[in-house]
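Report on the structure given below.
The basis for the numbers below is simple: all heavy atoms, side chains too, and nothing from hydrogens, waters or symmetry mates. Note that this is a predicted model, so its numbers are computed, not measured. The sequence lines fix the lettering, A, B, ..., with proteins before strands; numbering per chain opens at 1.
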Amino acid sequence: MTPPRYSTHDMAARLAADIPDGAYVNLGIGLPVIVANHVPEGRQVIYHSENGILGVSRSPTTDEEYDPDLINAAKDPVTLIAGGCYFDTAESFAMMRGGHLDLAVLGAFQVSATGDLANWATRDATYPPAVGGAMDLAVGAKQVYVLMRHTAKDGTPKLVETCDLPLTGTGCVRRVYTDLGVFEIDADQRCANVIERFDGVSFEALRAATGMRLVE
Amino acid sequence: MTPPRYSTHDMAARLAADIPDGAYVNLGIGLPVIVANHVPEGRQVIYHSENGILGVSRSPTTDEEYDPDLINAAKDPVTLIAGGCYFDTAESFAMMRGGHLDLAVLGAFQVSATGDLANWATRDATYPPAVGGAMDLAVGAKQVYVLMRHTAKDGTPKLVETCDLPLTGTGCVRRVYTDLGVFEIDADQRCANVIERFDGVSFEALRAATGMRLVE
Amino acid sequence: MIDKFVTDMASAVADMPDGAHVMIGGFGSSGIPFALIDAVCAAGPRHLTVISNNTGSGETGVSALLREGLVDKVICSYPRSRGSVWFERLYTQRAIELELVPQGTLAERMRAAGAGLGGFFTPTGYGTALAKGKETRMIDGRGHVLEAPLAADYALLSAARADPWGNLVYNTAARNFNPVMATAARCTVVEVAQAAALGALDPEAVATPGIFVDRVAVREAL
Amino acid sequence: MIDKFVTDMASAVADMPDGAHVMIGGFGSSGIPFALIDAVCAAGPRHLTVISNNTGSGETGVSALLREGLVDKVICSYPRSRGSVWFERLYTQRAIELELVPQGTLAERMRAAGAGLGGFFTPTGYGTALAKGKETRMIDGRGHVLEAPLAADYALLSAARADPWGNLVYNTAARNFNPVMATAARCTVVEVAQAAALGALDPEAVATPGIFVDRVAVREAL
């Protein structure tokens with residue numbers, strides 16, 4: 001039986017619930033940016049964008065708000081929150097690499113039992129590889145959470161014993177949020193501790209969809 | 001016969017005459033700062049101060065101009081010229097070390113025949129040593145000119161074959177301006193080429209006051 | 001008197017030789033020196049190495065240089081933006097060389113060149129394919145990669161306003177790579193939307209001090 | 001809601017333990033956190049390592065910490081300013097340890113710590129006594145010294161204005177070491193002349209983004 005799966009919004013909301021008040025957070029391109037829409041009321045989060053913004057806010061809604069220079073890492077137009085500021089790329093990555101961000105939320109192709117992350121290159125050699133700021137975020141943020149579907153489109157597990165795709169960083173992932181549950185990587189034990197199994201997902205179903213040892 | 005000697009103002013004026021229009025210049029503490037008073041009319045020079053100023057101008061003359069935070073490397077109050085700007089120490093020394101200053105004018109205890117510079121530490125071990133920005137200027141500026149008395153107070157030469165005082169930098173000095181003349185260090189030939197002997201200074205008198213080979 | 005303004009975009013880049021290494025500021029379409037790039041396309045130097053975060057989009061910016069066949073090699077972090085068709089075409093034809101550098105390492109290598117440093121150890125990329133062949137070292141129990149400074153012959157930049165000494169202020173997120181590239185090139189050329197009088201820029205808000213700038217050209221009003 | 005303002009100088013430094021490594025901003029008497037230093041003197045943690053460009057002058061600033069006997073070691077570039085009598089006294093009595101670092105290397109070591117780098121090669125100091133015992137390397141024909149990052153437990157800084165998120169603007173040359181130290185300490189504490197409302201600071205002129213700041217205390221009006 002196919003286990004029930006959470007929607008991307010459910011997954012994003014589950015991760016958002018774990019972001020502490022006052023945190024400085026970088027949300028990766030793709031799935032992770034959705035997290036911003038699900039942060040609980042009354043919790044203040046300051047979003048960092050690698051191109052040189054602290055205090056990224058919502059998309060512009062009027063012509064007056066629209067500034068073609070003011071874009072986020074995904075190159076989409078955004079606005080600045082009161083208390084936000086600008087800086088250049090060298091300083092932006094000093095912030096990232098220097099451990100000043102409380103949390104980076106990244107997408108992933110694979111996460112290994114020792115917290116290795118593969119999220120930048122596929123096996124298609126004709127397609128140009130692109131890394132952007134992923135490797136800097138992987139090594140730099142105080143915590144790296146991965147938000148991803150539990151399995152690839154073809155059903156193969158993305159939580160794996162060892163990554164066989166090119167690595168973004170080694171031993172950097174702490175937690176993984178998927179459409180089946182929440183997992184904490186234990187690199188010493190080479191396993192993932194199951195923090196939460198979503199409603200209707202049996203441990204057996206989870207194990208069948210996972211390529212590394214699970215501990216509950 | 002003691003050769004006639006130029007005053008500090010004569011020496012500073014001689015060096016100032018060689019600063020090109022539009023140059024970015026750092027003047028060291030002590031003798032070198034006098035150079036600013038002698039730059040020929042119509043020549044624009046932008047002065048850098050290591051604590052984070054480009055466009056250092058004269059001392060404040062009114063209460064309104066006086067800003068206790070606005071000091072130069074010697075910790076004396078200054079003003080900012082129109083077109084000047086501020087930055088922090090890390091950027092200031094990036095400028096210095098990165099070869100962006102056209103000229104640094106430094107004082108010296110000794111300069112060697114290979115252009116080594118000694119200007120930061122004496123032999124007195126009880127007195128705390130202090131280096132400040134001297135080593136960064138020595139390696140960083142496009143040109144390093146030394147402005148110094150030709151001999152020490154006790155008459156010993158300061159242009160020497162090899163420095164015996166602690167070095168500030170190796171092979172960094174290009175020109176030396178003293179109260180007897182102007183000299184260009186030729187590190188390959190291990191000598192100083194005499195660019196100019198001041199009026200009334202014989203080559204013999206120069207040689208007697210100099211500890212390295214002179215070529216005229 | 002110091003006056004770094006030049007008459008037009010063409011004269012700002014007229015001396016760029018074949019084989020030049022050229023940094024191009026911007027991220028996505030923000031802070032890109034479109035007018036200077038057009039002037040380079042018109043002048044037509046060949047065998048360029050372009051150092052930029054992205055490879056342009058559509059027919060403008062870095063894409064235009066690629067389309068004109070002026071570029072042998074690209075050093076960048078993210079050559080795969082929406083509409084980077086010209087880069088993809090050349091790349092799949094193996095007609096262009098790519099040196100892929102993590103974005104933070106790219107910026108930091110430029111800063112090292114501009115700041116006169118001989119190289120630095122960074123944890124970024126350790127244990128990955130992008131560290132292949134590079135010297136590594138464990139520092140405080142953590143793997144690091146030794147990265148070399150990255151300089152260029154020219155930097156082509158975009159800013160909001162400049163004064164005659166080349167002091168620059170930017171608009172919002174258009175800074176990105178522009179200030180760090182300004183420090184790392186032998187000849188830094190900037191296009192600005194507007195000229196400012198000497199003393200008109202707030203000295204506390206100058207993000208690129210004029211010492212890093214060689215030439216400034218003002219964009220024509222649209 | 002994020003609010004980094006604390007009630008007074010005393011509470012801003014109350015948790016500083018014996019043996020702490022403390023960066024102190026300023027150059028000469030510009031940009032020195034005099035009020036925070038007074039609060040440390042009153043709290044009296046001992047065996048401190050102070051990292052600062054100078055060693056104070058007269059009876060205030062770093063001099064006060066030295067006079068109170070709270071400091072075991074100083075890491076600085078220029079301990080010999082006019083009126084640094086307390087440092088000279090302790091130094092000649094061999095009652096204090098001195099690590100002398102070229103000013104640019106001092107700032108760059110802090111930047112490396114703040115920017116998460118493992119170290120850097122610099123030509124500064126090569127062939128001098130200050131490179132003694134350090135790894136060296138020829139890079140492009142030039143001698144370089146490998147320098148390590150320099151972090152601290154606390155940074156005590158001074159700025160002109162701060163908002164509740166800890167964004168800082170400075171006055172003229174009072175920036176000096178303050179912005180780079182802000183990045184390099186586990187706990188960055190700032191005294192400011194004036195508090196600003198959120199959104200009141202020009203986002204283009206913020207020299208220290210609030211992410212680097214933990215606590216802000218407003219100086220009492222004189």
Side-chain angles (χ1 to χ4, degrees), chain A residues 29 49-54 56 67-80 84-99 114 116-118 120-121 124-140 163 165-172, chain C residues 25-31 53-55 57 74 76-82 84 87-88 90-92 94 96 98 100-108 110-111 114 122-131 142-143 158 160 170-183 207-208:
Chain A
I29 298 177
S49 186
E50 66 192 30
N51 49 321
I53 315 171
L54 263 178
V56 177
D67 172 353
D69 288 329
L70 187 45
I71 58 175
N72 63 14
K75 282 104 180 177
D76 293 319
V78 294
T79 55
L80 189 77
C85 63
Y86 305 109
F87 34 86
D88 76 0
T89 307
E91 183 164 0
S92 185
F93 280 79
M95 250 174 227
M96 292 158 75
R97 206 177 34 228
T114 54
D116 292 354
L117 171 67
W120 71 281
D124 183 353
T126 59
Y127 201 60
V131 64
M135 288 190 180
D136 300 279
L137 278 172
V139 301
C163 298
L165 286 170
L167 293 186
T168 306
T170 59
C172 55
Chain C
F27 179 97
S29 59
S30 176
N53 190 57
N54 307 109
T55 52
S57 182
V74 167
C76 80
S77 92
Y78 209 82
R80 211 170 59 195
S81 303
R82 282 191 287 266
S84 315
F87 181 78
E88 278 181 41
L90 294 169
Y91 183 83
T92 52
R94 297 170 186 256
I96 196 160
L98 170 66
L100 194 71
V101 182
Q103 193 174 166
T105 300
L106 188 61
E108 195 63 22
M110 293 171 188
R111 184 181 177 279
T122 176
T124 301
Y126 179 79
T128 77
L130 296 190
R142 190 163 198 207
S158 171
Y170 300 88
N171 179 51
T172 66
R175 291 193 200 189
N176 52 63
F177 276 90
N178 287 294
V180 72
M181 285 178 173
T183 72
T208 295

Given a strict heavy-atom distance threshold of 4.5 Å, which part of A:S49 is in contact with chain C: side chain, backbone, both, or neither? neither

If you tally heavy-atom pairs under 4.5 Å against chain A, which of C:P79, C:G125, C:S84, C:A129 wins? C:P79

Which atoms form the tightest heavy-atom contact between C:L100 and A:P129, and what is the distance? CD1-O, 3.6 Å

Are any non-hydrogen side-chain atoms of A:K75 and C:F27 less than 4.5 angstrom apart? yes

For residues A:T89 and C:Q103, report the shortest heavy-atom separation together with the two atoms involved. CG2-OE1, 4.1 Å

Pick whichever of C:N171, C:T55, C:T92 has the most heavy-atom pairs under 4.5 Å with chain A. C:N171

Contacting region of A:D67 [heavy-atom separation from chain C under 4.5 Å]: side chain

Using non-hydrogen atoms and a 4.5 Å limit, figure out which bit of C:N178 sits close to chain A: side chain, backbone, both or neither. neither

Over all heavy atoms of both residues, which pair between C:A173 and A:N51 is shortest? Give the atoms and the distance, please. CB-ND2, 4.0 Å

Just give me the residue among C:S30, C:A107, C:S57 that pairs up with chain A most often, heavy atom to heavy atom, under 4.5 Å. C:S30

Heaviest contributor of heavy-atom pairs below 4.5 Å to chain C, chosen from A:D136, A:L70, A:L167, A:L80, is A:D136

Start with the C-alpha gap between A:W120 and C:L130, add the side-chain angles, then the distance that decides, and say whether side-chain contact (heavy atoms from CB on, under 4.5 Å) holds. CA-CA 11 Å; A:W120 71 281; C:L130 296 190; 3.8 Å; yes

Can you give me the closest heavy-atom contact between A:V131 and C:P102, atom names plus distance? CG1-CA, 3.7 Å

What are the two closest non-hydrogen atoms of C:S29 and A:I71, and how far apart are they? N-CD1, 4.3 Å

Interface check, chain C: of A:D88, A:T170, A:V78, most non-hydrogen pairs under 4.5 Å belong to A:D88

Which pair of non-hydrogen atoms, one from A:R97 and one from C:T122, has the smallest distance, and what is that distance? CD-OG1, 3.4 Å

Side chain of C:R80, backbone of A:P128: donor and acceptor closer than 3.5 Å? yes

Under 4.5 Å from a heavy atom of chain A, the part of C:Y170 involved: neither

Residue part contacting chain C, namely of A:D116, when any heavy atom lies under 4.5 Å: neither

Which atoms of C:R94 are under 4.5 Å from chain A, going by heavy atoms: the side chain, the backbone, both sets, or neither? neither

Quick one: what part of A:A74 sits under 4.5 Å from any heavy atom of chain C, side chain, backbone, both or neither? backbone

